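Below you'll find the structure I mean.
These numbers were taken from a predicted model, which means no experiment stands behind them. What's counted below: heavy atoms across the whole structure, side chains too, no hydrogens, waters or symmetry copies. Order of the sequence lines sets the chain letters (A, B, ...), proteins ahead of strands, with each chain counted from 1.
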2 protein chains.
Amino acid sequence: MPTLSEENYLKAIFHLGYGHSDGVSTNAIAYKMDTKASSATDMVKKLAEKQLVNYKKYQGAKLTEQGRQAAVAVIRKHRLWETFLVEKLNFSWDEVHQVAEQLEHVESEKLIDELDAYLDFPKFDPHGHPIPDKNGHIHKTEKLKLSQAPIPNTYICVGVNDSSAEFLQYLDKIGIALGTPIKVLSKEVFDESLTISIGGGQVHISKLVASNLYVNFNH
Amino acid sequence: MPTLSEENYLKAIFHLGYGHSDGVSTNAIAYKMDTKASSATDMVKKLAEKQLVNYKKYQGAKLTEQGRQAAVAVIRKHRLWETFLVEKLNFSWDEVHQVAEQLEHVESEKLIDELDAYLDFPKFDPHGHPIPDKNGHIHKTEKLKLSQAPIPNTYICVGVNDSSAEFLQYLDKIGIALGTPIKVLSKEVFDESLTISIGGGQVHISKLVASNLYVNFNH
DNA sequence: ATTTATTTTTAGGGTTGACTAAATAATTCT
DNA sequence: AGAATTATTTAGTCAACCCTAAAAATAAAT
Ligand SMILES: [Mn+2]
Ligand SMILES: [Mn+2]
Ligand SMILES: [Mn+2]
Ligand SMILES: [Mn+2]
């Protein structure tokens with residue numbers, strides 16, 4: 001079994017490599033893990049020895065199938081715990097990440113299976129992220145970044161890209177939660193900021209904010 | 001904050017020193033922690049530096065008030081998690097210890113407070129052990145070891161001293177759970193084994209078993 | 001095509017928490 | 001008391017994971 005630290009690296013490599021076919025650079029890993037490039041190199045070597053990643057010097061790391069399974073298992077635990085915290089323990093969506101970051105490393109297959117059942121097999125976590133199933137399969141859903149959505153149109157917020165407390169609290173403040181209808185009124189050509197309407201009120205959001213919001217068509 | 005390893009040592013010292021007024025020997029700590037005496041000495045020194053224990057060479061370790069608070073906080077978390085696993089996730093009392101051993105180290109005050117509330121502020125864990133409150137106070141209850149209980153008489157099982165899976169599964173097998181009435185019929189003078197009656201059936205248990213069972217008068 | 005800048009790796013350490021083996025203190029036995 | 005046994009500490013290593021500084025490789029700029 002991977003150590004706690006290895007699990008965190010695997011998760012980082014998974015997220016950084018998602019969608020891309022080339023290796024994840026040690027620099028990118030180090031940045032995401034809030035550590036130094038030399039530490040990332042060391043860890044990547046260790047993961048390679050354990051057959052969890054493929055690694056060639058100067059070419060970055062790519063998860064093996066075994067590594068992907070391990071990464072997805074941790075992500076599954078992370079998202080189930082986040083769901084538990086919000087659904088059962090009155091946590092808000094901006095409070096769960098830090099705690100789930102610890103809970104995700106608890107080792108017990110029964111624990112996670114029972115938790116899954118207790119939560120009634122949720123498909124998405126409190127940030128709209130899909131919860132991988134027991135076999136490591138991640139259900140793909142249609143969604144697009146609000147920054148790339150055609151306007152004018154009305155969408156439904158289905159997820160966030162950034163799960164930081166700062167961003168989520170900002171969304172709380174302007175009245176956006178999962179399921180909130182967002183009517184996009186106009187886009188400023190200069191900075192691609194958007195004027196949107198939420199529950200009657202009108203709000204102006206930056207491109208950065210819009211690019212961290214996932215929406216779906218309101219069909 | 002204590003590290004994970006320090007927390008485990010603090011807990012061990014708390015349990016070993018419970019009731020006794022002299023220091024806990026490094027040997028005893030090592031045995032309980034399943035490690036070597038030299039490792040225990042190292043750790044005790046570190047805990048002493050952090051003011052969590054008082055330690056003088058060759059005189060064992062005693063928790064300071066600060067150390068006791070830290071130990072009890074971990075025990076509180078351990079027992080709340082065990083309760084959660086049994087009450088909500090269909091774990092049996094012989095399956096919870098190992099998992100709680102990991103969960104007890106998750107750091108989040110809100111988590112443990114909410115868990116406490118979610119479980120409706122339980123007073124005892126699945127093994128009949130008292131759950132310390134938020135202030136570190138442990139509610140004392142009357143109880144005695146079945147091996148020391150006057151006979152003949154009828155008692156109620158209120159707890160176990162040994163929480164190992166082997167012992168708990170043995171109790172399952174002979175039909176003893178928390179709350180089970182136990183009628184003690186006779187004690188063998190030779191080995192102090194007991195003949196008891198549980199729900200109609202008659203069972204013979206060793207002194208060792210009886211000394212690991214806590215009972216209360218059936219009043 | 002060089003030179004310059006950036007990225008990545010290597011070399012050398014530090015810390016935590018283990019271990020073995022050896023030394024020393026405390027205890028028990030005769 | 002003196003000797004033998006046991007308990008405890010010290011000394012010296014080790015592995016995991018991190019660090020800084022320097023070297024080497026790659027990428028970018030002139
Ligand atoms: Mn983590
Ligand atoms: Mn999430
Ligand atoms: Mn533990
Ligand atoms: Mn217990």
*Spacing between B/Asn27 atom CG and D/dT6 atom P, to the nearest angstrom*: 12 Å
*Between atom CD in A/Gln59 and atom P in D/dA24, what is the gap in whole Å?*
20 Å
*NA contact type, B/Tyr31, heavy-atom cut-off 4.0 Å: base, sugar-phosphate, or nothing?*
nothing
*Dump the intermediate steps for side-chain hydrogen bond (donor to acceptor under 3.5 Å, both in side chains) on A/Asn27 and A/Ser25, then the final yes or no.*
CA-CA 5 Å; A/Asn27 235 18; A/Ser25 78; 5.8 Å; no
*Please state whether the phosphate of C/dT16, meaning OP1 or OP2, lies under 4.0 angstrom from any side-chain nitrogen or oxygen of B/Thr3.*
no
*Specify the separation, in whole Å, of atom CG of A/Leu47 and atom P of D/dA16.*
12 Å
*Just checking A/Ser39: base, sugar-phosphate only, or nothing, at a heavy-atom cut-off of under 4.0 Å?*
base
*asked:* I want to verify a distance call: between D/dT10, C/dA18, D/dC18, whose nearest atom is closest to the B/Lys57 side chain?
replied: D/dT10
*Rounded to the nearest angstrom, tell me the gap between atom NZ in B/Lys45 and atom P in C/dT15.*
16 Å
_Integer-rounded Å distance: C/dA18 C1' and B/Asn8 CG_ = 14 Å
*Ignoring backbone atoms, establish whether B/Ser5 has a side-chain N or O less than 4.0 Å from OP1 or OP2 of C/dA18.*
yes
*asked:* At 4.0 Å (heavy atoms only), tell me whether A/Lys56 reaches a base, stays on the sugar-phosphate, or touches nothing.
replied: nothing
*Looking at every strand, decide which applies to B/Thr35 at a 4.0 Å heavy-atom threshold: base, sugar-phosphate, or nothing.*
sugar-phosphate
_Interatomic distance, A/Met43 CE vs C/dT9 C1' [rounded to whole Å]_ = 16 Å
*Select from B/Asp42 and A/Glu6 the residue whose nearest nucleotide in DNA chain D is closer to the 5' end of that strand.*
B/Asp42
*Over all atoms of both residues, closest heavy-atom pair of A/Glu104 and A/Asn8*: OE2-OD1, 3.2 Å
*Kindly state whether the ring of A/Tyr9 and the ring of A/Phe14 have centres lying under 6.0 angstrom apart.*
no
*Separation of atom NZ in B/Lys36 from atom P in C/dA22, rounded to whole Å*: 15 Å
*asked:* Using the side-chain heavy atoms of B/Ser38, tell me which of these nucleotides is nearest: D/dC19, C/dC19, C/dT7.
replied: C/dC19
*Option from B/Val106, B/Leu111, B/Leu103 for which side chain to side chain contact (heavy atoms under 4.5 Å, CB included) with A/Gln102 holds*: B/Val106
*Find the distance B/Tyr58:OH to D/dA7:P and express it as a whole number of Å.*
14 Å
*Who are the ring-ring contact (aromatic ring centres under 6.0 Å, His included) partners of A/His127, not counting sequence neighbours?*
A/His129
*Scan B/Thr26 against the nucleic acid and name what it touches under 4.0 Å (heavy atoms): base, sugar-phosphate only, or nothing.*
sugar-phosphate
*What nucleotide among C/dA18, C/dT9, D/dT9 has an atom nearest to a side-chain atom of B/Tyr55?*
D/dT9
